[in-house]
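In what follows, a single structure is set out as structure tokens and then discussed.
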Amino acid sequence: MAQMNMKEAIRDAMRVELNRDPNVLIFGEDVGNVGGVFRVTEGLQKDFGEDRVFDTPLAESAIGGLAVGLGIQGFRPIAEIQFIGFIFEALDQIVIQAARMRWRSGGKYNAPIVFRTPFGGGVKAAELHTDSLEGLIAQSPGIKVVIPSNPYDAKGLLIASIRDNDPVFFMEHLNLYHAFRAEVPEGEYTVELGKANVVREGSDVTIVTYGLMVHTAVKAAEQLEKEGIKVEVIDLRTVSPIDIDTVMESVKKTNRVIVLQEAQKSAGVAAEVIAQINEKGILHLEAPVLRIAGPDTIYPFAQIEDTWLPNPARIIAGVKKVLDF
Amino acid sequence: MSKVPYEVYTEDVEALSVLSPDGEVINKDKMPTLTDDQLKEIMYRMVFTRTWDDRAVNLGRQGRLGFYAPVSGQEATMIGSEFALEKEDFVCPGYRDIPQLVWHGLPLYQAFLYSRGHQHGGQIPDGVNVLMPQIIIGAQILHATGIAMGFKLKKQKSVAITYTGDGGSSEGDFYEGLNFAGRFKLPVIFFVQNNGYAITTPFAKQTAAKSIAHKAIAAGIPGVKVDGMDIFAVIRAVQEAAERGRNGEGATLIEAVTYRFRPHSLSDDASKYRSKEEEGQWNEKDPIARLAKYLEKKGLWTEEDTLRVREEAKATVNEQIKKAEQTEKMTISGLIDTMFEVTPKHLEEQKADFE
Ligand SMILES: Cc1ncc(C[n+]2csc(CCOP(=O)(O)OP(=O)(O)O)c2C)c(N)n1
């Protein structure tokens, strides 16, 4: 098995699929010749040609709409939106046009598109490069939202997303691209969409999270372990749809839950997870479910992002709060 | 005063040029009227800006600045276009257009604070008619269109200018802004700095149009192409566009053909997408060297002047970056308090998480 960081694993997934299926196409701003601003698609144009991996003019709505049109023609586009903040230019094409194609055409057409975009804080990027907008997309019916937390999942989830016949919004945390290497199998494998992963077992409290925050939660859990508190950490991997069964199994075991997200607190994925826990089994809870998240402000680029982002100290305080309830 | 030719169809358009690369005025008709003091002031600003850009790149490498997009090579487009305006005119910039903001009145330390991701960088002082730099490519074009409509409704004889690059001219917002400005006959100047690349994407892969100036046709407004390494051509084109705007004749699109000597931002490597030969050819068109030759012949500028301005610029940059560094740090509570006029209860509660 090869050791890969998340960026390499994502590139490898695209290479596998470009090789396997001639209908797979990659396009976006700067993705061709130099392989994108993070070099995620580096070398792919050279190997697969300009018809399959190409730069577009600087126009996100056109990138989204082009993907929709190509999907109707039987292609499987992987459309890159260079940074998360620029999806607003393409939002009509992503959450209205692509996400409704199957429904609007009564099943005649579909939109087998992957919209890939980097996001996520802690890297001191410029304004609008890091926001966590998964809640926004997750609220739109007809599109899946996938957020890997490690290289193995990233490759398997991306291959599954490319093969999915409906649109997938695939979010890559900037802080995870180079964070660490892990074993990634060569060739094809998939990680099922809509399936969460128990990354750490524990019996006292469950932390439900995704993306970079999985690692922050594990750090907090390791510290709590020293005090004899056993924390279970669940990585959702797909934030729409949410794998509530895996979450509920854990809730039944620990009876105490924290939902952790990097995004601003209100009306997002964490709120949805809590609502579903209430619906499925409020009687299993020994304490109210706590949300740990960014505050409801504009994302504070650079200057104070380290304070703004959830950290192990805030998580530990949260865990104690639900234990002491 | 004869006009810059602006009618373009499908044939190639010649870029307006006034000053030759060796500092001769080759197009007397189009030479803007400038006093000796103004000429020296323009040169001062260009040299100052080049030095500041050099320093900013170093500060960026030392981690003392945040996001910074280099400008060297584009001094004629940036300084010339701003110089052609009045203080009341409104400047709507993209992320690279910091010099226009500073020469229009934004204190330099605030530009540094903006780069460092400090909110105070965007708190523009009263009477300085600029917007903070825009990150979303194209959004500022529509703001300028709205500001121009405001001028028109208020019967104020001012213009709004907005900047984007060759890449930016592909965005939907660009076409929407041009079309509105044409439809409502608004006093706005769309200034495109075509430096040949949008990050790594060369102009030839950006559009099949013969020029960006051509894109004005569909919006029913004049489009002009100028040599963006020639400060006199830039000043002349913007002066005429501003005059048209003030006279109620509506908007103008100006394409200035220019080059940035450095890569797109501090985090990328230009050698991956452009050649040394190309860079060398453009170096010969350096707008500062070109103006210096002209001024030296007139006895208005010497090498010593350049050195003096460089020293002055370095000292100013040092002092202003220190001022930025000494500005009180932001806090989460402060951030929360600037979200709404009256902070809602749930946000008041959220402050507790950070105390
Ligand atoms: C809506 C949007 N899409 C993408 C980006 C990312 N991006 C930043 S600069 C840039 C290229 C801009 O090129 P151009 O307009 O030619 O301006 P230049 O920097 O060359 O002056 C891109 C794609 C962005 N900031 N906003």
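Below, read A as the first sequence line, B as the second, and so on, with proteins coming before strands; counting in each chain starts at 1. Note that these values count all heavy atoms, side chains included, but never hydrogens, waters or copies made by symmetry.
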A/G318, A/P295, A/A126, A/P300: which one forms the most heavy-atom pairs within less than 4.5 Å of chain B? A/P295
Taking every heavy-atom pair that is under 4.5 Å apart, which of B/F174, B/F67, B/F354 has the most such pairs with chain A? B/F354
Check whether more than 12 heavy atoms from other residues, nucleotides or ligands sit under 6.0 Å from atom NZ of A/K321, and answer yes or no. no
Using non-hydrogen atoms and a 4.5 Å limit, figure out which bit of B/Y114 sits close to chain A: side chain, backbone, both or neither. both
For B/Y273 and A/N33: C-alpha separation, side-chain torsions, deciding distance, then whether side chain to side chain contact (heavy atoms under 4.5 Å, CB included) applies. CA-CA 8 Å; B/Y273 53 88; A/N33 178 30; 4.0 Å; yes
Across all chains, not counting sequence neighbours, the salt bridge (Lys or Arg N to Asp or Glu O under 4.0 Å) partners of B/R64 are B/E325
Please indicate whether A/I298 has more than 12 foreign heavy atoms, meaning atoms of other residues, nucleotides or ligands, lying under 6.0 Å from its CD1. no
Less than 4.5 Å to any heavy atom of chain A: does that hold for the side chain of B/S265, its backbone, both, or neither? neither
Chain A contact via B/H346 - which portion, at a heavy-atom distance below 4.5 Å: side chain
Would you say CZ of B/F180 has more than 12 non-hydrogen atoms from neighbouring residues, nucleotides or ligands within 6.0 angstrom? no
With side chain to side chain contact (heavy atoms under 4.5 Å, CB included) as the criterion, how do B/L335 and A/I304 come out once you've worked through the C-alpha distance, each side chain's angles and the decisive distance to 0.1 Å? CA-CA 10 Å; B/L335 189 65; A/I304 46 171; 4.2 Å; yes
B/Q350, part contacting chain A, at a heavy-atom distance under 4.5 Å: side chain
Rounded distance (nearest 0.5 Å) linking atom CH2 of A/W308 with atom CG of B/D353: 12.0 Å
What part of B/L347 is in contact with chain A, defined as an atom under 4.5 angstrom from a non-hydrogen atom: side chain, backbone, both or neither? side chain
A/S61 versus chain B, heavy atoms under 4.5 Å apart: side chain, backbone, both or neither? neither
Heavy-atom distances under 4.5 Å only: say whether A/L128 touches chain B with side chain, backbone, both or neither. side chain
Donor-acceptor pair, side chain of A/E127 and main chain of B/G117, under 3.5 angstrom: no
Atom CD of residue position B/Q62 - does it have more than 12 heavy atoms of other residues, nucleotides or ligands inside 6.0 Å? yes
A/D30 side chain vs B/T200 backbone, donor-acceptor pair below 3.5 Å: yes
Using salt bridge (Lys or Arg N to Asp or Glu O under 4.0 Å), reason through B/K205 and A/E50 one step at a time and then give a plain yes or no. CA-CA 12 Å; B/K205 289 193 175 172; A/E50 282 204 44; 3.7 Å; yes
Which residue out of A/V34, A/D296, A/T307, A/D55 racks up the most heavy-atom pairs below 4.5 Å with chain B? A/D296
So for B/M330, is it side chain, backbone, both, or neither that comes closer than 4.5 Å to the heavy atoms of chain A? both
Counting only heavy atoms closer than 4.5 Å, note whether A/E305 contacts chain B via side chain, backbone, both or neither. neither
Is B/K329 in contact with chain A via its backbone, its side chain, both, or neither, using a 4.5 Å heavy-atom distance? both
Minimum side-chain heavy-atom gap B/I137-A/F86 below 4.5 Å: no
So for B/D166, is it side chain, backbone, both, or neither that comes closer than 4.5 Å to the heavy atoms of chain A? neither
